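Remember, it's 1-based here, ligands and their atoms both numbered in the order they're listed. Just so you know, these numbers come straight off a predicted model, no measurement behind them. Counting from 1, the numbers follow the sequence of the chain as shown.
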Amino acid sequence: MENEKLIRVSRRLSRHLRHAPERIGLTLGQGGWVEVDDLLAALARHGLELARAELDEVVTQNDKQRFAYDATGKLIRANQGHNVAVDLDLPAAQPPAVLCHGTVARFLPAILREGLRPMSREDVHLSPNAETALQVGKRRGKPIDLEVDAAAMSASGHEFRVGANGVWLTAAVPPEFLEQGEE
Ligand code: HQG
């Protein structure tokens with residue numbers, strides 16, 4: 001599949017598996033999963049004819065591994081990034097000592113005052129390294145890396161989960177656990 005189509009399909013999947021399933025008549029089930037057959041039928045009804053093999057290509061080739069099949073291959077979901085309420089059923093996991101968050105200067109005063117909040121998503125998204133965080137921040141301008149003292153957060157009872165693609169999730173990061181990292 002052409003790169004342009006991969007991106008176009010990935011955007012449609014993000015929209016309907018994370019944000020607006022009802023727009024194509026889908027309902028996310030437990031854990032955010034939907035039947036692959038239902039998804040393909042719903043997309044087809046809304047003008048996007050996609051073969052299962054093409055969907056496989058989008059899932060495996062996706063630059064950020066945004067989507068995953070379950071073990072049977074009959075269900076699909078977004079690995080994270082939802083802004084509809086979804087319990088991803090990910091077990092709590094012990095994070096690395098430091099996690100990173102990429103943002104931009106205009107958000108810093110609020111972040112340093114009130115910490116990281118999930119904003120329109122379900123969780124705060126954290127990256128395993130500064131390089132990835134800077135890529136995330138770059139979507140909004142000159143990126144800034146914030147380092148999260150995940151070891152201390154974890155020791156004081158904050159829970160972390162990790163998605164199938166290595167993105168770490170937590171409910172919020174209070175400002176005392178944040179420090180500005182490398183630029
Ligand atoms: C900021 C993309 C003011 C936060 C990416 C961020 C990632 C605050 C923005 C994934 C704040 C929220 C997630 C506060 C946080 N005051 N601003 N208290 N707390 N912010 O997009 O982490 O392409 O919801 O710094 O690559 O940027 O969608 O989160 O700038 O992996 O797959 O509020 O989304 O992946 O923005 O990105 P987002 P994010 P996908």
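Within the set Thr132, Val136, Leu108, the minimum heavy-atom distance to atom 31 (O) of ligand 1 is found for Val136. Remark: among candidates His101, His82, Glu114, Arg66, the nearest residue to atom 14 (C) of ligand 1 is Glu114, based on non-hydrogen atoms. Looking at Glu122, His125, Arg121 and measuring to atom 34 (O) of ligand 1, the nearest heavy atom belongs to Arg121.
Dense packing is recorded around CD of Glu176, with more than 12 heavy atoms of other residues, nucleotides or ligands lying under 6.0 Å away. A 6.0 Å sphere centred on CZ of Arg15 holds more than 12 heavy atoms belonging to other residues, nucleotides or ligands. Counting heavy atoms of neighbouring residues, nucleotides and ligands inside a 6.0 Å radius, atom CZ of Arg11 does not exceed 12 of them.
In this structure, Arg77 contributes its side chain and Gly31 its backbone to a donor-acceptor pair below 3.5 Å.
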Discussion item. For Thr132 and Val167: C-alpha separation, side-chain torsions, deciding distance, then whether side chain to side chain contact (heavy atoms under 4.5 Å, CB included) applies.
Written reply: CA-CA 10 Å; Thr132 312; Val167 174; over 6 Å; no
Practice task
Kindly determine whether Thr103 and Leu116 satisfy side chain to side chain contact (heavy atoms under 4.5 Å, CB included), including the steps that lead there.
Solution key: CA-CA 10 Å; Thr103 191; Leu116 288 171; 5.8 Å; no
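Salt-bridge formation is not detected for the pair Lys74/Asp70: no Lys NZ or Arg NE/NH1/NH2 atom is positioned less than 4.0 Å from an Asp or Glu carboxylate oxygen. Using a cutoff of 4.0 Å between basic side-chain nitrogens and carboxylate oxygens, Arg161 and Glu159 are scored as salt-bridged.
Residue contact check: Arg140 has heavy atoms under 4.0 Å from atoms 6 (C), 21 (O), 27 (O), 30 (O), 36 (O), 38 (P) of ligand 1. Heavy-atom contacts of Ala110 reach the following atoms of ligand 1: 3 (C), 16 (N) (cutoff under 4.0 Å). Ligand 1 places these atoms under 4.0 Å from at least one heavy atom of Lys64: 2 (C), 5 (C), 23 (O), 26 (O), 35 (O). Residue contact check: Thr103 has heavy atoms under 4.0 Å from atoms 4 (C), 25 (O), 30 (O) of ligand 1.
At the top of the distance list for atom 33 (O) of ligand 1, counting protein heavy atoms only, stands Met119 CG, 3.4 Å. Of all protein heavy atoms, the one lying nearest to atom 1 (C) of ligand 1 is Phe107 CD1, 3.8 Å. With respect to atom 28 (O) of ligand 1, the closest heavy atom belonging to the protein is Arg18 NH1, 2.9 Å.
Remark: Arg113 is not positioned above the aromatic ring of Phe107, lacking an NZ or CZ atom under 6.0 angstrom from the ring centre and at most 45 degrees off the axis.
The closest approach between a heavy atom of Gly115 and any atom of ligand 1 is below 4.0 Å. Contact analysis puts Arg139 in contact with ligand 1, with a non-hydrogen atom separation below 4.0 angstrom.
Both the backbone and the side chain of Arg117 come within 4.0 Å of ligand 1, counting heavy atoms alone.
Where the criterion is an N or O separation shorter than 3.5 Å, residue side chain and backbone included, Val167 fails it with respect to ligand 1.
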